[in-house]
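Below is one structure, written out as structure tokens; comments come after it.
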Protein chains: 2
Amino acid sequence: MSADPAPARRTRRHDPGRRDRLVDTTLDVIAARGVATATHRAIARAADVPLGSLTYHFGSLTELLAAAFTRHVDDVAARFDARMAAAPDRAAALEALVEHLTGDLLGSERDLVLAVELYVAAARDAELRAVTQDWMSRSRRSLERHLDPVTAREVDALVEGLVLHSALSTDPMDAAQIRAALLRFAG
Amino acid sequence: MSADPAPARRTRRHDPGRRDRLVDTTLDVIAARGVATATHRAIARAADVPLGSLTYHFGSLTELLAAAFTRHVDDVAARFDARMAAAPDRAAALEALVEHLTGDLLGSERDLVLAVELYVAAARDAELRAVTQDWMSRSRRSLERHLDPVTAREVDALVEGLVLHSALSTDPMDAAQIRAALLRFAG
DNA sequence: AACTCATAGGAACGAGCGTACACATGGCCA
DNA sequence: TGGCCATGTGTACGCTCGTTCCTATGAGTT
């Protein structure tokens with residue numbers, strides 16, 4: 001302990017990509033301790049940049065949070081759509097959906113937490129709600145590659161419930177139970 | 001404007017039931033503007049009591065929020081269990097579930113908002129997560145009056161998803177669509 | 001009537017917050 | 001080379017917050 005006080009960094013002027021790294025660090029902070037603790041100061045500390053750097057690159061904290069969640073949603077939605085596009089038929093699409101849900105979303109503590117934190121933030125902030133809605137609609141469009149619109153919508157709601165359930169329950173459903181539920185519903 | 005400065009209330013000492021009214025007022029504030037705005041000061045203002053009164057009756061803000069959400073969950077869970085108990089068979093139970101969901105929960109802006117705010121708060125607070133888990137398990141037990149445990153669990157997750165969906169979507173499912181989804185799943 | 005103590009009331013403290021702003025720096029172009 | 005200006009930095013302001021603390025009051029008891 002009591003290490004040298006930041007010796008390496010010094011006059012790191014004109015740091016290209018800092019804005020990008022701030023977005024990444026923001027996601028890290030949200031995933032680690034929740035959107036409520038994602039303050040300018042906490043993010044600045046985690047990214048090892050001065051406080052003023054945040055308000056220089058982002059006009060407000062909400063703008064930064066929106067940028068972070070947008071990046072995350074883009075990432076997850078793209079992965080999901082790739083899975084759906086690669087599925088040759090409806091049965092394969094359902095298996096790919098199970099894989100996405102149990103592997104990508106619920107398998108990664110980080111992705112699960114980020115999803116719930118986004119729900120949380122969106123519940124009260126219109127700008128973040130737009131990000132959530134974008135995610136929902138992209139997810140539904142991916143499902144509609146193989147499912148009819150009505151089913152796609154219902155599956156989407158069920159998926160949201162399973163995510164919430166996994167995050168809040170002490171005794172969450174395992175992969176086999178989730179698979180059974182989805183197949184029962186849409187199989 | 002510039003009305004008399006609180007003329008009626010004056011030396012309202014020994015106010016019985018104030019603790020209860022504080023819990024109710026807390027729910028009102030949460031429903032109106034979100035759990036993030038439910039501060040000591042906001043609640044005190046809404047209840048027309050001095051700030052110190054809150055910390056006198058509740059050791060901390062979290063304790064007050066937990067008391068408020070507990071009261072709400074008790075209320076909703078009791079209403080739901082009454083519906084389930086009154087249903088003579090499985091088909092009637094499913095109709096009662098639809099009624100509860102579209103009428104009680106989603107039909108009341110207040111109840112819908114409170115449900116989502118509880119999810120939100122529970123995501124980061126262990127004490128409030130216990131309240132959520134209690135709600136989930138009571139809801140599941142009510143469903144098990146007519147559904148097997150596996151189905152009850154899956155229906156519970158779907159209901160959570162439908163609640164979240166209704167709260168966050170610009171284009172939420174209507175009662176008929178929700179009924180169709182539930183019946184398709186468990187009917 | 002005197003006493004007591006649970007309840008009520010209001011002010012104050014220290015901390016953390018978003019944001020604004022004045023100043024420093026150095027890459028880039030004339 | 002010299003100067004401009006986008007970028008980087010550190011400090012400070014004004015605000016709200018949860019909580020603490022001291023004082024006042026009056027209902028119930030003796």
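Values below: all heavy atoms of this structure, side chains included; hydrogens, waters and symmetry mates excluded. Reminder, nothing fancy here: chain letters follow the sequence lines and each chain counts from 1.
- In this structure, CG in L147(A) is found 11.5 Å from OG in S142(A), a value given to the nearest 0.5 Å.
- Proximity of a side-chain donor or acceptor of H40(A) to a complementary backbone N or O of L51(A) within less than 3.5 Å is not detected.
- Remark: C1' of dC21(D) and CG of L54(B) are 16 Å apart, rounded to the nearest angstrom.
- Residue D15(A) contributes atom CG, which lies 22 Å from atom P of dA24(C) at whole-angstrom precision.
- Using a 4.0 Å heavy-atom cutoff across all strands shown, L51(B) reaches at least one base atom of the nucleic acid.
- Close to dC17(C), at under 4.0 Å from its OP1 or OP2, lies a side-chain N or O of T39(A).
- Summarising the geometry, the separation between CG on D20(B) and C1' on dT7(C) is reported as 16 Å, rounded to the nearest angstrom.
- The salt bridge (Lys or Arg N to Asp or Glu O under 4.0 Å) contacts involving residues 55-66 of chain A comprise nothing, where partners must be two or more places apart or lie in separate chains.
- Rounded to whole Å, the distance from CG on D125(A) to P on dG18(C) is 14 Å.
- T37(B) contributes a side-chain N or O that, together with a main-chain N or O of R33(B), makes up a donor-acceptor pair within less than 3.5 Å.
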Side-chain polar contacts of residues 176-187 of chain B - donor-acceptor pairs under 3.5 angstrom, sequence neighbours left out - could you list them?
residue	atom	partner	partner atom	Å
Q177(B)	OE1	D174(B)	N	2.8
R179(B)	NE	E95(B)	OE1	3.3
R179(B)	NE	E95(B)	OE2	3.4
R179(B)	NH2	E95(B)	OE2	2.7
R184(B)	NE	E154(A)	OE1	3.4
R184(B)	NH2	T151(A)	OG1	2.9
R184(B)	NH2	E154(A)	OE1	2.8

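- Contacts between residues 55-67 of chain A and DNA chain D, defined by a heavy-atom separation below 4.0 Å, involve Y56(A), H57(A), listed by number.
- At least one donor-acceptor pair under 3.5 Å links the side chain of T55(A) to the backbone N or O of G52(A).
- Within the structure, the salt bridge (Lys or Arg N to Asp or Glu O under 4.0 Å) test picks out the following pairs touching residues 74-86 of chain B (sequence neighbours left out): D74(B)-R138(B), D75(B)-R79(B), R79(B)-D104(B), R79(B)-D111(B), D81(B)-R145(B), R83(B)-D104(B).
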With a 3.5 Å cut-off and sequence neighbours excluded, list the donor-acceptor pairs that the side chains of residues 156-166 of chain A form with protein atoms.
residue	atom	partner	partner atom	Å
D156(A)	OD1	S139(A)	OG	2.7
S166(A)	OG	L162(A)	O	3.0

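- Per the geometry, CD1 belonging to I43(B) stands 14 Å off C1' belonging to dT16(D), to the nearest Å.
- Annotation: the terminal axes of the helix from dA1(C)-dT30(D) to dA30(C)-dT1(D) meet at 10°, where each axis is the rotation carrying the C1' atoms of four end pairs onto the next four (5 pairs per end, rounded to 10°).
- Counting only heavy atoms from C-beta on, H40(A) has its side chain closest to dT19(C) among dT19(C), dG8(D), dA8(C).
- Of the side-chain N and O atoms in R41(B), none sit less than 4.0 angstrom from OP1 or OP2 of dT19(D).
- Of all heavy-atom pairs between R129(A) and A122(A), the closest is NE-O, 3.0 Å.
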